[in-house]
Every structure is written in structure tokens, then in C-alpha cells.
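Working notes, beginning with the structure itself.
What you see below is based on every heavy atom in this structure, not just the backbone, and it leaves out hydrogens, waters and symmetry mates. Because the structure is predicted, anything quoted here is derived from the model rather than measured. In listed order, ligands and their atoms are each counted from 1.
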Amino acid sequence: MLFIRMLRRVGQSPACGCWTPVLPVRFLGISPRQIPADANFHSASFSATDHPRVLITGGLGQLGVGLANLLRKRFGKDNVILSDIRKPPDHVFHSGPFIYSDILDYKNLREIVVNNRITWLFHYSALLSAIGEANVSLARAVNITGLHNILDVAAEHNLRLFVPSTIGAFGPTSPRNPTPDLCIQRPRTIYGVSKVHAELMGEYYHYRYGLDFRCLRYPGIISADSQPGGGTTDYAVQIFHDAAKHGKFECNLEARTRLPMMYIDDCLRATLEVMEAPAESLSMRTYNVSAMSFTPEELAQEVLKHVPEFQITYNVDAVRQAIADSWPMKFDDSNARKDWGWKHDFDLPELVTTMLNFHGSETRVAQAN
Ligand SMILES: NC(=O)c1ccc[n+]([C@@H]2O[C@H](COP(=O)([O-])OP(=O)(O)OC[C@H]3O[C@@H](n4cnc5c(N)ncnc54)[C@H](O)[C@@H]3O)[C@@H](O)[C@H]2O)c1
Ligand SMILES: C[C@@H](O)[C@H](N)C(=O)O
């Protein structure tokens with residue numbers, strides 16, 4: 001009876017007309033892993049004045065080290081733990097706490113969360129779009145089974161959980177220009193399918209167990225000092241390296257392939273901002289975020305302004321091209337802008353200047369400027 005009365009008391013959110021978080025795990029009697037409700041004594045509570053204790057999974061990829069740097073500046077070095085299944089390079093190992101964590105090992109995850117009194121979890125482990133197509137069973141395990149472990153450990157220990165999604169969560173039947181937050185999502189890659197699954201499972205855990213799940217759909221992310229991990233948008237990172245070093249670049253997508261992109265600083269700031277946003281400002285739990293959209297041809301034109309002899313040629317990779325042709329060309333992120341004040345800093349000209357300054361200080365870019 002108590003349970004039914006509490007369900008009745010839960011109202012509809014005026015902002016979105018959707019259900020507000022239903023009930024905390026303890027009212028449901030059992031958590032997702034069948035842990036007795038009163039066994040939830042490990043969860044560390046923190047008030048707004050305390051710093052969160054952060055764990056980043058898959059932290060040695062393109063985005064994780066930059067995220068750790070940003071969060072350590074904000075919350076203190078020792079409050080942010082980077083983890084992965086790979087061996088960290090020296091500079092990462094010495095820059096702050098690093099531990100081994102395999103997201104397929106649930107007990108290992110739970111031990112890390114408990115021993116380190118983790119309160120916020122950024123879940124970055126994944127196999128990206130192109131590499132996922134080359135190894136579907138591993139992508140399925142890491143991106144789906146691994147996500148289940150993350151959701152369960154987060155729900156059991158009352159963590160605030162960030163899981164990134166992607167433009168790859170849409171497919172050929174989605175509106176592509178622009179792509180809104182809510183529309184048909186029928187991706188044709190294992191990566192995209194696993195990310196739609198993550199969005200839906202995270203939202204389900206939010207409504208069912210009160211999990212504080214937050215998710216942004218990132219565009220292709222462009223970074224200077226970290227390498228992409230096997231995606232369809234990787235060309236937009238490699239082009240800067242090759243332009244600065246060799247003055248030429250062979251592109252694996254067609255010249256007119258338009259995709260949403262974002263500079264890494266904007267991406268990481270968006271991630272921190274949505275995690276810090278007051279819960280009542282979030283009318284949704286999964287948001288598109290956007291900065292710019294361009295084609296390889298347009299990117300090459302901008303590079304030419306800095307590297308006058310730059311040449312681009314095309315040798316199209318059929319798998320990547322098919323993926324790109326099914327993805328959004330432009331993202332509609334008006335809900336993120338409206339709800340929690342998202343605003344990007346980098347458009348195409350600033351992106352190109354920043355990337356070439358990084359790569360080109362001692363090469364042909366420096367000579368041209
Ligand atoms: N980089 C982008 O352009 C982009 C765009 C959209 C979304 N995202 C998402 O952001 C997140 C981070 O992306 P990224 O580019 O840094 O990815 P990445 O491929 O560069 O890194 C992923 C990391 O996951 C780790 N990993 C693999 N299996 C693991 C396991 N079993 N346990 C723990 N770690 C494991 C890998 O070792 C790797 O370091 C991913 O979830 C990705 O889907 C990235
Ligand atoms: C877009 C994103 O999810 C990733 N960079 C990929 O291309 O797979």
C-alpha cells in the first residue's frame with residue numbers, strides 16, 4: 001500500500017510533461033543487482049560544498065585525459081581517478097591517480113567505487129564506430145554488457161553518472177539536417193545501436209531507480225594532443241597533423257560529406273556543465289550538443305589559408321563513407337542551449353587556427369605565418 005501511495009504522489013514534470021524520477025532504489029526493495037536495500041551503506045553523500053569524488057572509465061582514449069585535467073582543476077587532483085585497461089604513459093601516470101579498471105568486471109568496478117568513495121562516474125569506455133564494425137562481438141560486450149555493469153554500480157551506490165552518446169545514435173531514417181533531440185533513431189552500426197541502448201537504459205534507470213543519469217550526444221570531437229580511437233570522424237583530426245607535417249592529406253571520406261564536429265575544449269566543458277546543472281533545469285536526460293558542421297572540402301579550404309601549398313586527395317573507405325552518409329549533417333541542440341545554457345566557443349576558423357598552432361609551431365605552418 002505504501003508503495004502504491006508513493007507512486008501516486010509522483011507528479012508530472014511541468015517542463016517536459018514526462019515523469020519525474022519515480023522512486024529511489026530503497027523504496028523498490030531491491031536494486032538492479034538484487035542487493036538488499038539496506039546494503040546501500042557504501043554510498044558517499046556529498047553536499048554542494050563538497051567536491052565530488054570522480055571516476056573516469058576508458059580514460060586513456062581521445063577524450064579521457066583532457067577530461068581528467070579539466071576536472072582536476074575544478075575538484076582537486078586527488079579527487080579525480082582515471083582508469084583504463086591499458087598501461088598509461090609516464091606523463092599521465094604522474095599527473096594524478098590512475099588505476100586499472102575493466103568495465104566487464106563488475107566486482108572490480110564495485111571495489112573501486114567503494115574503496116575510493118566515488119560519487120560521480122564518467123563512463124568513457126567504448127569501441128567507436130569504425131572499429132566496432134570490425135569487431136562486433138567485442139563492441140557488443142564493451143558497449144552493452146559493460147554499460148549494464150556501469151548502470152548497476154551507479155544505481156547501487158547513488159552515483160551521478162555521465163555516459164556520452166553520439167551523432168552515431170541516429171541513422172538513415174532520422175532527419176539529417178538538422179537532427180533534433182527526439183526523432184527516429186535506427187542506426188546501422190553496432191556502435192550506434194549500443195549508444196541508443198545506453199540512452200534508453202540510462203533514462204529507464206533514472207525513472208525506475210532514481211539514478212542521476214546525464215547524457216550528451218557528442219559530434220565528432222577534434223583534439224590536438226590525443227589520437228582518435230577508430231571512428232568515422234577521425235579524418236578531421238588527422239588532417240591537421242598531416243597538413244602541418246607533410247603539407248598534404250589523403251581523406252577517407254568524400255569531399256562533400258557534411259558532419260557535425262566540435263573542438264575538444266567545448267566538448268569537455270559541455271560535459272562538466274551538464275553534470276553541474278541543477279537537476280530541475282534538465283527537462284531531458286539526453287541532449288544533442290553542437291558547435292559546427294563542415295565537409296572535408298570546406299575544412300581543406302580553411303587549412304589552405306594557413307598552409308598555402310596544402311593539398312587534399314580522396315581515397316574513400318567504403319565502410320566509413322556508408323556510416324557517415326547515415327549520420328546527421330547538422331545537429332539541433334536548442335534544448336541544451338535553452339535548459340542549461342550551452343554555448344560553444346569554437347567555430348571552424350578558431351578550430352583550424354588552434355589546431356594548426358598546436359601542430360605547426362616548428363613546421364611549415366610557422367614558416368607560412
Ligand atoms: N571521440 C569522439 O569523437 C566521440 C564522439 C562521440 C562520442 N564519443 C564517446 O566518448 C567516449 C570517449 O571517446 P574516446 O574518443 O575517448 O574513445 P577511445 O576509443 O579513444 O577510448 C576508449 C577507451 O576505452 C577503453 N576500453 C576498451 N575496453 C575497455 C574495457 N573493457 N574496460 C575499460 N576500458 C576499456 C580503451 O582502452 C580506450 O582507452 C566514448 O564513449 C565515445 O563513444 C566520442
Ligand atoms: C562521432 C563519434 O561517435 C566517433 N568519433 C566516431 O566517429 O565513431
Side-chain angles (χ1 to χ4, degrees), residues 55-68 82-89 92 98-106 108-109 112 121-135 138-150 161-170 179 187 189-199 202 215-223 225-238 252-253 257 259-264 266-268 270-271 286 288-291 293 317 319-321 323-324 326-328 331:
L55 175 67
I56 304 171
T57 67
L60 294 184
Q62 186 191 358
L63 306 185
V65 174
L67 180 68
L82 203 55
S83 73
D84 207 301
I85 51 172
R86 296 193 273 151
K87 209 192 248 185
V92 173
F98 177 89
I99 50 177
Y100 172 86
S101 170
D102 181 351
I103 59 159
L104 296 175
D105 181 346
Y106 185 75
N108 169 242
L109 268 180
I112 290 167
L121 175 48
F122 293 79
H123 175 47
Y124 269 3
S125 311
L127 263 66
L128 302 193
S129 58
I131 206 162
E133 289 312 293
N135 198 340
L138 184 62
R140 200 178 61 181
V142 173
N143 296 8
I144 298 178
T145 309
L147 173 91
H148 293 168
N149 287 340
I150 293 290
L161 173 63
F162 179 83
V163 179
S165 186
T166 163
I167 49 174
F170 296 94
T179 305
T189 59
I190 185 64
Y191 178 60
V193 169
S194 69
K195 289 295 186 178
V196 176
H197 179 74
E199 294 175 6
C215 173
L216 297 181
R217 295 192 189 105
Y218 294 160
I221 306 302
I222 298 168
S223 58
D225 58 357
S226 57
Q227 290 302 308
T232 302
T233 58
D234 291 6
Y235 91 87
V237 177
Q238 190 63 33
N252 57 19
L253 292 183
T257 310
L259 290 168
M261 301 279 185
M262 183 181 279
Y263 184 56
I264 187 166
D266 275 341
C267 164
L268 301 179
T271 304
T286 302
N288 292 349
V289 282
S290 179
S293 271
D317 175 301
V319 173
R320 283 182 165 84
Q321 187 63 46
I323 294 173
S326 73
W327 281 2
F331 240 11

Any side-chain heavy atom of [X] sitting closer than 4.5 Å to one from [Y]?
{"X": "Phe122", "Y": "Thr57", "value": "no"}
{"X": "Pro88", "Y": "Leu60", "value": "yes"}
{"X": "Arg320", "Y": "Tyr235", "value": "no"}
{"X": "Ile323", "Y": "Glu133", "value": "yes"}

Do me a favour and list the nearest non-hydrogen protein atom to [atom] with residue, atom name and distance?
{"atom": "atom 7 (O) of ligand 2", "result": "Thr232 N, 2.6 Å"}
{"atom": "atom 37 (O) of ligand 1", "result": "Asp84 OD1, 2.7 Å"}
{"atom": "atom 43 (O) of ligand 1", "result": "Tyr191 OH, 2.6 Å"}
{"atom": "atom 13 (O) of ligand 1", "result": "Leu63 CD1, 3.9 Å"}
{"atom": "atom 22 (C) of ligand 1", "result": "Ala126 O, 3.6 Å"}
{"atom": "atom 32 (N) of ligand 1", "result": "Ile103 N, 3.1 Å"}
{"atom": "atom 4 (C) of ligand 2", "result": "Thr233 OG1, 3.9 Å"}

In this structure, does ligand 1 have an atom that sits under 4.0 Å from one of the heavy atoms of [X]?
{"X": "Ser165", "value": "yes"}
{"X": "Ser101", "value": "yes"}
{"X": "Gly220", "value": "yes"}
{"X": "Gly230", "value": "no"}

Exercise. Which bit of Tyr218 is near ligand 2, meaning a heavy atom under 4.0 Å away: side chain, backbone, both or neither?
Worked result: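 For Tyr218, no heavy atom sits under 4.0 Å from ligand 2.
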Exercise. Is it the side chain, the backbone, both or neither of Ile167 that has a heavy atom closer than 4.0 Å to ligand 2?
Worked result: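 The part of Ile167 near ligand 2 is the side chain, not the backbone.
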List every atom of ligand 2 that sits less than 4.0 Å from any heavy atom of [X], numbering the atoms from 1 in the order shown and giving each element.
{"X": "Trp327", "answer": "1 (C), 6 (C), 7 (O), 8 (O)"}
{"X": "Ser129", "answer": "6 (C), 7 (O), 8 (O)"}
{"X": "Tyr191", "answer": "2 (C), 3 (O), 8 (O)"}
{"X": "Leu128", "answer": "8 (O)"}

For this session: Just let me know how Gln62 lines up against ligand 1, side chain, backbone, both or neither, with a heavy-atom cut-off below 4.0 Å.
Result: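 Answer for Gln62: both.
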Give yes or no for whether the N/O distance cutoff of 3.5 Å, strictly under, is met between [X] and ligand 1.
{"X": "Tyr218", "value": "no"}
{"X": "Asp102", "value": "yes"}
{"X": "Lys195", "value": "yes"}
{"X": "Gln227", "value": "no"}

Problem set entry | Donor + acceptor pair across side chains of Thr189, Ser129 (<3.5 Å) |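 No pair is found: no donor N or O on one side chain lies under 3.5 Å from an acceptor on the other.
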Exercise. Do Thr286 and Glu199 meet the criterion of a side-chain donor-acceptor pair at a distance under 3.5 Å?
Worked result: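 Checked: Thr286/Glu199 side chains show no N/O donor-acceptor pair below 3.5 Å.
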Exercise. For ligand 2, is there an N or O atom under 3.5 Å from any N or O atom of Thr166?
Worked result: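 Yes; the residue has a nitrogen or oxygen that sits under 3.5 Å from a nitrogen or oxygen of the ligand.
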Problem set entry | Closest to atom 10 (O) of ligand 1 among Pro164, Ser226, Ser194 (heavy-atom distance) |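 Answer by nearest heavy atom: Pro164.
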Exercise. Considering only heavy atoms, which of Ile85, Asn143, Ile222 lies nearest to atom 28 (N) of ligand 1?
Worked result: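 Going through Ile85, Asn143, Ile222 one by one, Ile85 has the nearest heavy atom to atom 28 (N) of ligand 1.
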Exercise. Taking the inter-plane angle between the rings of Tyr218 and Tyr124 on a 0 to 90° scale, is it parallel (under 30°), tilted (30 to 60°) or perpendicular (over 60°)?
Worked result: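 Because their plane-to-plane angle is over 60°, the rings of Tyr218 and Tyr124 count as perpendicular.
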For this session: Look up atom CE in Met262 and atom SG in Cys267, then write down how far apart they are to the nearest 0.5 Å.
Result: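 Between atom CE of Met262 and atom SG of Cys267 there are 6.5 Å.
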